[in-house]
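Just follow the structure's listing: the first ligand is 1, and inside any ligand the first atom is 1. All values below come from the heavy atoms of this structure, side chains included, with hydrogens, waters and symmetry mates left out.
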Amino acid sequence: MCGVVGYVGKGYCRNYILEGLGRLEYRGYDSSGFACIDPQTKRLAYHRAEGQLINLIHKLEGLPIDGHIGIGHTRWATHGGISEKNAHPQFDCTESIAVVHNGIIENHHHLKTELLAKNHIFLSDTDTEVVAHVCEQFFKESSSINEAILSITQKLSGAYAFVAMFQNQSDQLIAVRKGSPLCIGIGKEQMFVASDPLAFAGFTDTVLFLPDESYALVNESNIQLFDFKGKKIEPTLTTLDIQWSNDGKNGFKHYMLKEIYEQKSGIQATLSHLRSNEKDIWGQLGLTNEYVQNLKVLSIVAAGTSWHAGRIAQFFFEKLCLLPTHVMLASEFRYMPYFAQQNNLSIFISQSGETVDTLECLYLTKSMKAPSLALTNVATSALAREAGGALITHAGREIAVASTKAFSTQLTALFWFAHKMALEKRLISYRQMEHACDDLLIAAEVLENSIEKYFTKISKELAPFYAQFKRFIFLGRNISYPFAMEAALKLKEISYIFSQCYPAGELKHGPIALLDKETPVILFSNLDEQIYQKVLSNAQEVKARGAHLLTFVFEGQEELASLADHTFIIPRVNPLLGPLAMTGLMQFFVYEIADVLGCPIDKPRNLAKSVTVE
Ligand code: G6P
């Protein structure tokens, strides 16, 4: 999703900005742009390009476009198609105000009509261009910068983070945040503005995360921060501990494959961090022992793969803590009636910690004065900062758009956390808690070893075979159902093959009509004996219709294995960790299919890593 980078300082901005944009590439984008103020002519100069950042870099090569103040952007199209004219920066009528923006201006259509009536000229189809013209209008009409910005923020609706640069003010950037993330890196005689601190990690480790609904006037040595009422705010500075290490793919063909193989160590690291913070965990999370003991209901809110992790964790919390657990999609939860409940805890799961839907649900929950917890892989993210407490996964930065190691480390943290809660509620013993940690480490081993066991068979035989099909049905039951949903999502994301998932028990209520030779069924087994018997019947229903069947089974489940055309046999683990144990093999299998098809696996079309717009 859109990346915003800005620089003002003693140094030259172009390299800093292009470097920052490069680091934000993984978020997904389809065009990019750069603008600066030429120190000699004092004029604004810019270039924009469709496609990869390298296209912009080539355009700039050999051109003396650089300066001490500049802004850059990677755009993920929302309003207006992918084209150079729609890339950012966007400008006002006289091209003396440049704006880069992340978010959506919801009333852009109405504003554009108003501005057209005042003879503004528009050259793009974007909502961002409207911001540049609104700036032009209010800076003309207002007697001070603050007055102008306050009028602008009153005029714009939606969620946005934008940075504006003015030709007639070549020493100052304006950074405005409502909803979408924005932060400022404070260096020595230089300042960086970005949507993600990764853009400037290594150049400075002192950062100001703009509070929601605030704006900053930023020059090379000073930041003035105000809220949307014009009141000055004292900036709260944070020290970053992220490093920018461009260790690349480390010999792997794609980041996704590298990240699939990083899961075992990610699980180990996540568990070890959780265990080292075990003492006074409730205090650290903004809770008390009594509150946890008296908890009556849990809510989990997330999007995409994180939502699947939440759906799997529902089984952890209900089985171990005897807590009714509601798992909701953030995009739906936001617009549903909110029922305040006593003794409730809401957990917000997000790899990036910046997904706008999930964040908005957190804000809604906070506004109801209900306790909240974030589970995220990014300790500096808005979700971690805004929630009452944060559990951090230690997957390491995930670059591939399709989430892999974030998912398995989320399951790890949630499994551990459910045990910790069950222990606090005196539903399990300390010994059982210790066993749970061992079980996680065993599942991590199985996750990796299973890939190794089937590596050659998948890459040489199965992936080329399954890559021929145009659609797939995924089935699972009980805890394997949300896992099957995750598998279907992975396949569709990276291979563009139509994949639909159903609870296996629902097959006969409709989806069975889809079964034919052209539609393979991928079925995930379950370690619960009773559920296994049901899964077995579902597999028989599939075979009786002559459909092709691939199964993921556990050792000892020979009957199910023998029904299938192809099967993967996985060592037995703690039944609640069946999905985690199958994760590596499932991801590797779909990865290989996408690779056979030659898909751009790390950056699938239309997708973004961090979805910061609704
Ligand atoms: C996007 C990504 C998915 C991710 C989802 C939620 O759709 O492409 O991989 O699962 O956002 O992201 P989050 O960072 O909140 O977990």
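Regarding atom 2 (C) of ligand 1, its nearest protein heavy-atom neighbour is A608 O, 3.5 Å. Considering only non-hydrogen protein atoms, atom 14 (O) of ligand 1 sits nearest to S352 OG, 2.6 Å. Of the protein's non-hydrogen atoms, S306 OG, 2.6 Å is the one closest to atom 16 (O) of ligand 1. Scanning all protein heavy atoms for the shortest distance to atom 10 (O) of ligand 1 gives T305 N, 3.0 Å. Atom 12 (O) of ligand 1 has T355 OG1, 3.4 Å as its closest protein atom, hydrogens excluded (heavy atom only). With hydrogens left out, the protein atom closest to atom 7 (O) of ligand 1 is V611 CG2, 3.9 Å, a heavy atom.
Applying the 6.0 Å contact sphere to NZ of K319 captures no more than 12 heavy atoms from other residues, nucleotides or ligands.
Every N/O-N/O distance between T358 and ligand 1 stays at or above 3.5 Å.
The ligand atoms of ligand 1 that sit less than 4.0 angstrom from a heavy atom of V401 are 8 (O), 9 (O). The atoms of ligand 1 that sit less than 4.0 Å from any heavy atom of S403 are 9 (O).
Of the options S306, S350, S403, a side-chain hydrogen bond (donor to acceptor under 3.5 Å, both in side chains) to Q410 is made by S306 and by none of the others. Among N574, D439, V573, T412, the single residue meeting the side chain to side chain contact (heavy atoms under 4.5 Å, CB included) criterion with L580 is T412.
Side-chain contact between L489 and E486 is present, with at least one heavy-atom pair separated by less than 4.5 Å. Here the side chains of V163 and V99 are not in contact, with every heavy-atom distance at 4.5 Å or above.
H394 and T270 form no side-chain donor-acceptor contact under 3.5 Å, judged by distance and modelled atom types alone.
For R605 and Y496, the positive end sits near the middle of the six-membered ring, less than 6.0 Å away and at most 45° from its axis.
When the heavy atoms of A303, G353, A330, A406 are ranked by distance to atom 6 (C) of ligand 1, first place goes to A303.
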